[in-house]
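Quick caveat: nothing in here was measured; it's all calculated off a predicted structure. What you see below is based on every heavy atom in this structure, not just the backbone, and it leaves out hydrogens, waters and symmetry mates.
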Amino acid sequence: MGRITVSQLDEMPADEAGALLKECCGSSRWVAMMLARRPFRFRDSVFFAADMFWKSLTLRDRMEAFAHHPRIGEKSGAKPQGERGARWSALEQSGMDVVEAELRKEIAEINREYEDRFGYIYIVSAQGKTAAELLTIAKDRLRNSPEREIRVACEEQKKIMHLRLEKLLGPKEETFV
């Protein structure tokens, strides 16, 4: 299944819509709130609700969303993604496809170091970034305090959520006045 319209999202059975939304954000609570908000009617309403509900989540809910992502350089997360989410993750991490063994090893090490320091996986919006860039970003973020880093990680998850909602619903159409 490719892109869908907001009308299709509004009208499809809750289990189907929920599965699609879970590919955009792995928090069960976020998905439940999005489903309860239907019908959206407009694309902007989907994004507005997505952001509003993301802001309202507890740390536990956000950790659940993080767990649905694979580590940088890996194929699957702690919690399984659907086929569409796995495809999106692979595309988002396409900068990792041609990585030399030494750089891949460094990224695996930084993933472990990050998790040891912060207690969750390194969340970064990887789309369009090279493996070297992702490594540099991780090294920089390791210097953050835990309080600062959770804010950064949550903002990165929000970027990923937006990218995936755009993949699901298509980009915003330009309007000319």
Side-chain angles (χ1 to χ4, degrees), residues 1-3 19-31 34 47 50-51 53-172:
M1 178 188 254
R3 290 185 178 153
L20 290 174
L21 291 167
K22 194 157 196 97
E23 301 292 358
C24 299
C25 178
S27 164
S28 300
R29 188 163 166 254
W30 180 88
V31 170
M34 290 292 286
F47 283 81
D51 288 349
F53 297 143
W54 176 251
K55 282 183 198 173
S56 76
L57 295 179
T58 65
L59 184 57
R60 173 183 235 139
D61 297 324
R62 291 170 183 214
M63 291 296 140
E64 180 187 14
F66 292 0
H68 281 268
H69 294 283
R71 290 177 183 92
I72 296 298
E74 295 183 8
K75 300 291 183 204
S76 62
K79 295 189 177 208
Q81 297 186 91
E83 184 180 322
R84 183 186 303 249
R87 224 176 26 251
W88 286 343
S89 287
L91 287 170
E92 291 159 3
Q93 289 196 41
S94 62
M96 292 294 299
D97 289 348
V98 291
V99 175
E100 301 160 5
E102 187 60 34
L103 184 55
R104 188 170 292 282
K105 182 180 170 194
E106 280 186 76
I107 288 171
E109 288 171 9
I110 206 83
N111 279 334
R112 279 190 297 279
E113 188 177 343
Y114 184 98
E115 287 177 48
D116 289 346
R117 173 148 165 68
F118 298 114
Y120 51 88
I121 72 164
Y122 166 46
I123 295 289
V124 62
S125 179
Q127 186 149 331
K129 294 178 179 75
T130 65
E133 289 172 314
L134 295 169
L135 180 63
T136 298
I137 293 166
K139 287 178 179 179
D140 289 345
R141 286 176 50 188
L142 275 170
R143 292 193 288 260
N144 286 340
S145 68
E147 297 79 18
R148 167 110 178 95
E149 184 53 28
I150 191 62
R151 289 191 304 272
V152 172
C154 287
E155 189 59 34
E156 290 297 304
Q157 169 62 41
K158 183 179 163 186
K159 288 179 192 175
I160 295 166
M161 178 182 67
H162 275 242
L163 284 169
R164 291 180 173 198
L165 283 169
E166 286 182 2
K167 289 173 184 171
L168 182 64
L169 300 173
K172 186 171 184 166

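For Arg141, the side-chain hydrogen bond (donor to acceptor under 3.5 Å, both in side chains) test picks out Tyr114, Glu149, with sequence neighbours left out.
Leu103 and Ala131 get closest at one heavy-atom pair: CD2-CB, 3.7 Å. Residues Ala65 and Trp54 come closest through the heavy atom pair CB-CZ3, 4.0 Å. Nearest heavy-atom pair, Lys129 versus Glu133, reported as atom, atom and distance to 0.1 Å: CA-OE1, 3.1 Å. Across all their heavy atoms, Met161 and Asp51 have their closest contact at CE-OD1, 3.7 Å. Of all heavy-atom pairs spanning Leu163 and Ser125, the tightest one is CD1-OG, 3.4 Å. Across all their heavy atoms, Cys24 and Leu168 have their closest contact at SG-CD2, 4.1 Å.
Side-chain atoms of Gln157 and His69, non-hydrogen and from C-beta on, do get closer than 4.5 Å to each other. Contact annotation: the side chain of Ile160 approaches that of Ile123 to within less than 4.5 Å [non-hydrogen atoms, C-beta and beyond]. Two residues are said to be in side-chain contact when any heavy atoms from C-beta on lie closer than 4.5 Å; Lys159 and Gln127 fail this criterion. For the pair Ser28 and Lys22, the minimum side-chain heavy-atom distance is below 4.5 Å. Annotation: side chain of Ile121 is not in contact with side chain of Asn111 (no heavy-atom distance under 4.5 Å).
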- [ ] Assess whether side-chain contact (heavy atoms from CB on, under 4.5 Å) is satisfied between Arg62 and Ile150, documenting all intermediate values.
- [x] CA-CA 10 Å; Arg62 291 170 183 214; Ile150 191 62; 5.9 Å; no
- [ ] Give the C-alpha distance, both sets of side-chain angles, the deciding distance and a yes or no for side-chain contact (heavy atoms from CB on, under 4.5 Å) between Trp30 and Glu64.
- [x] CA-CA 10 Å; Trp30 180 88; Glu64 180 187 14; over 6 Å; no
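Taking CG of Asp61 as the reference point, atom CZ of Arg29 lies at 5.0 Å (rounded to 0.5 Å). In this structure, CG in Asn144 is found 6.0 Å from CZ in Phe118, a value given to the nearest 0.5 Å. Annotation: the span from Leu142 atom CG to Ile110 atom CD1 amounts to 4.5 Å, rounded to 0.5 Å.
The list of salt bridge (charged side-chain N to carboxylate O under 4.0 Å, His left out) pairs with a residue in residues 109-126, not counting sequence neighbours, reads Arg71-Glu115. Residue pairs satisfying the ring-ring contact (aromatic ring centres under 6.0 Å, His included) criterion with at least one member in residues 140-170, sequence neighbours excluded, are listed as follows: Phe47-His162.
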